[in-house]
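Okay, so here's the structure we're looking at.
Naming convention: chains lettered A, B, ... in sequence-line order (proteins, then strands); numbering from 1 in each chain.
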Amino acid sequence: MKTDFIPIDYDYFDWHGRNYAKITGRNSSGKRICVIDTCPVYLWAILKDKLSKDKINKLIKKIEKIELDTKGRKTRVEKVEIHDKNFLGKPVKALKVFATNYKDLHDVADKLGLPEIEKRRGYDLGYITHYIIEKKITPLHWYEIEGEVLNNSEEFGGIDAVLDVDLCIKLDKVKEINDKKFTPKILAYDIETDEIQIGKGEILMISLVSDGFKKVITWKTAHKKQDYVEYVKDEAELLEKFTEYVKKVSPDFLVGYFSDGFDLPYLKARAEKHNVKLSLGLDGSQPRFSRGMSITGKIKGIVHIDLLKFIRTAYAQYMTSETLSLNEVAKEFLGDTKKDFKLEHSSKISGTDWEKYYEYNLHDSVLTLNLFEKFWPDLSEFVKTTNEPVFEISRAGLSKYTESYILHNLEKYNEIPEKRPGYEEISKRKHSGGVEGAFVLEPKPGLYENIAIFDFTSMHTSIIISHNISRSTLLEKPSKNAVSIKTDKGTFYFKKEKGFFPLMLREIFELRKKFKKQYQKNPNPITKARSNAFKVLSASAHGYIGFFGGRYYSIEASASILAFVRKFNKETIKKVEDSGHKVIYADTDSVALLMNNKSESEIKKLLTKLNSELPGVMELELEDFYKRGLWVTTRAGTTGAKKKYALIDKKGKTKIRGFETVRRDWCKLARDMQNKVIRQILKDGNEKQALKYVKEIIKELKERKISKEDLVIRTQLKKPLSEYKATTPHVIAARKMIEKKIPIGQGNLIEYYVAETRDKKKLVRDKVKLLDEKGEYNKKYYLERQILPAVENIFQVFNINVQEIIEGKKQMTLGDF
DNA sequence: ATATACACGGATCCCCTATTTCC
DNA sequence: GGAAATAGGGGATCCGTGTA
């Protein structure tokens, strides 16, 4: 049997003591295929230097005899080969020790603690990663496969009989073919319950949405019949019906929003309660959950995606949404929002409200489906770039992206993989203290005209490439023929000879440039996603090196990269000043300078000159020209504030950084007001008009004309309530919510306002009230702690003291004495 | 455990001293 | 008059949220 095939989900099983990969995917006619295949498993034993041939041969003989009987499974070393390999860039002689079962490699490694062996590596990748590296059957690429179709076969314990697929093939031959379009089958789902706590309440309804399919299953009733609503008799039947529909639609991806943490575990808990089997897996198995901090729900053969997790790692940093709630994310990416519906306990819902509830439930799945379709190119490109399965990538962090790319590309450099750090190593790394970071130039507050901003393209990455910095190129001793750099952790030296990590990064860097060009030439979601995947990968390299959990962590490399970052930023500042331009601000990789009376082309010439003096792939580019820019003092008023400025370009577009207006923990009134003030000042430099506006707002505030909505302060609960050492206003608000039985916890955004209180209470937290609590807003607080701080230092630039201007304020301070 | 450091600014915490209150 | 309570000043610390 021969067919084309695209691998989507990877799993593995044991049969007669050996590991087999079980890959689920499709062919181009949409048939669902399961491929069964195997690969040799082995680990590397790196030999000590200068071992005689005789000694090596004796060692091989000894290792070949290793047999284990652990965990009721017999494993033995099957074969030992000797290879010339590299480990951390150093040529080594290494033994490739083949064994029967991947899971026993750890125990085999334990047996190899011999005096002739320096290190043991390559046994901690996980079978699936190992298999993909070994067989190069990578996710979401097309293959032409050939093999025996298993049909009621006894082989592998009759696996084909239990699997709900069109074809089950034992792989014989495989060939990569040109990529073609693949449209996955997606099923989005969402549940509604009475209680938020997992399994505590009943599941009232479940919505399911796929291409040309929409359904709300419920056991509650309504008067009017909606064609997509299907009634069942009780919750148990609802669960059965859900399973039935998932089977019927037979999706590649079952997608939810926060479904790892809510929907799927809830379904499982309720199914257990009713003794209903939630047989969602293609082999009839139930969803399984990982243990640990963040639970993940896995379904065999179907990739369960929690879209929230993917958005959080891959997109959150570029988003304008202040929370990652389905509503806000959908609004930002789809221009669509959740249906208006006030969630209430089901006992309080009656008649037509149920219909609205169904519609609301259905629409959540619609949004989830649309979002998945929107993000599918991105997810898909991350998968293709890292070669790890969709399930893993959809839940991975940035370090996993980088590390996967490294592991799947080591072979080109003949490298043996480094091991994952153990618990002790991690705590050692965590306690080694931080490294000195980037340099930020203190700005001189003021309103400036005609500004140019230069910045380094992918600064950290280009430094790593250009100076060959990595764990494997770090030299133990000073050397004349080396790159040297003085850091806060000492002076470090790096080999001139290119190391695999910088080389690999260079490849990523070049591909990023190439894909960016491709995208610009042919903009579409796929070229955009590819360009973005490489952008993220390229940008995360330095973070990965400094991440304590990374295999290729190096504090020396990290400190060196940052020392170079400081050096190049400071040098650029000096060179720009030497050319006669005043530098107003600089942060890490950027320099803002006054153009004086120079034309844009003259500034560009300066840039070209600066570029000619940069090493390697390092590049300084023009970020943009700006008409005006505003820098202010810190609240203390003594120094210029860093990481806080506002710019306006020639087209009148503003760029505001760090100001309260971009911070979600300030009330809307203060944010909006500051935004308007900044815009007005930048647009025509008219601070008088802006001041007039501020006075109006203050008047409204004093007359209590401001809506409470505009005064809400939102703060996230970053950890469990019990872990707070300080009792902050948002902790108080959170406690109040819990008292009111509103289920909140870590990660929730807490909303409150500051109210007037009868007795004179000093602390803000004593004035905190929830939105639905009766009370009037505290005029003094909003005036002095929100409005004034937001604009005070802006007007200070024009020598206007807002505080004095505000009516009554001056008298009050005088009256205090 | 789930990329890094730098930075701002509000609010509380905590120690100290001065003042007020209590007996 | 002296001890205890209270107020408030100011630096340290906690905390959340930005920029790069």
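Protein atom CG of Leu441(A) is 17 Å distant from nucleotide atom C1' of dA5(B), rounded to whole Å. Regarding Tyr544(A), its OH atom lies at a distance of 16 Å from the P atom of dA5(B), rounded to whole Å. Spacing between atom CG of Leu763(A) and atom C1' of dA11(B) amounts to 8 Å, rounded to whole angstrom units. Rounded to an integer number of Å, the gap from CD1 of Ile794(A) to P of dG9(B) is 11 Å. Whole-Å rounding puts the Glu403(A) CD to dA1(B) P distance at 17 Å. Taking atom CZ of residue Arg635(A) and atom P of nucleotide dA11(B), one finds them 10 Å apart after rounding to whole Å. The nearest whole Å value for the distance from the CG atom in Asn793(A) to the C1' atom in dG9(B) is 11 Å.
Contacts between residues 551-573 of chain A and DNA chain C, defined by a heavy-atom separation under 4.0 Å, are absent.
If you check the side chains of Thr320(A) and Glu332(A), you find a donor sitting under 3.5 Å from an acceptor. Thr487(A) and Glu436(A) share no donor-acceptor pair across their side chains, judged by distance under 3.5 Å alone.
Partners of Arg395(A) by side chain to side chain contact (heavy atoms under 4.5 Å, CB included), not counting sequence neighbours, listed by chain and number: Asp260(A), Thr296(A), His304(A), Asp306(A), Lys309(A), Phe391(A). By the side chain to side chain contact (heavy atoms under 4.5 Å, CB included) test, Glu403(A) pairs with Leu407(A), Tyr544(A), Arg551(A), sequence neighbours left out. In this structure Phe568(A) satisfies the ring-ring contact (aromatic ring centres under 6.0 Å, His included) test together with His467(A), sequence neighbours excluded. Residues forming a ring-ring contact (aromatic ring centres under 6.0 Å, His included) with Phe258(A) (at least two apart in sequence, or on another chain): none. Evaluation of the side chain to side chain contact (heavy atoms under 4.5 Å, CB included) rule for Arg664(A) yields Glu322(A), Thr323(A), Arg671(A), Gln716(A), Leu749(A) as partners, not counting sequence neighbours. Scanning for side chain to side chain donor-acceptor pair (under 3.5 Å) contacts around Glu660(A) gives Lys644(A), Gln674(A), with sequence neighbours left out. The side chain to side chain contact (heavy atoms under 4.5 Å, CB included) search around Ala586(A) returns Leu441(A), Asn569(A), Ile573(A), Val591(A), not counting sequence neighbours. A search for side chain to side chain donor-acceptor pair (under 3.5 Å) contacts involving Thr661(A) returns Asn675(A), not counting sequence neighbours.
Here side-chain hydrogen bond (donor to acceptor under 3.5 Å, both in side chains) pairs that include residues 631-640 of chain A, with residues two or more places apart or in two chains, are Arg635(A)-Glu792(A).
Looking at the side chain of Thr727(A), the nearest of the listed nucleotides dG9(B), dC13(B), dG10(B) is dC13(B). The side chain of Leu398(A) lies closest to dA3(B), out of dG9(B), dC6(B), dA3(B). Distance from the side chain of Val440(A) is smallest for dC6(B) among the nucleotides dC6(B), dC8(B), dT12(B).
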Distances under 3.5 Å between nitrogen or oxygen atoms of protein and nucleotides 19-21 of chain B:
none

Going 5' to 3' through nucleotides 15-20 of chain C and flagging B where a protein heavy-atom sits under 4.0 Å of the base, S where only the sugar-phosphate is that close, and - otherwise, we get SBBBBS

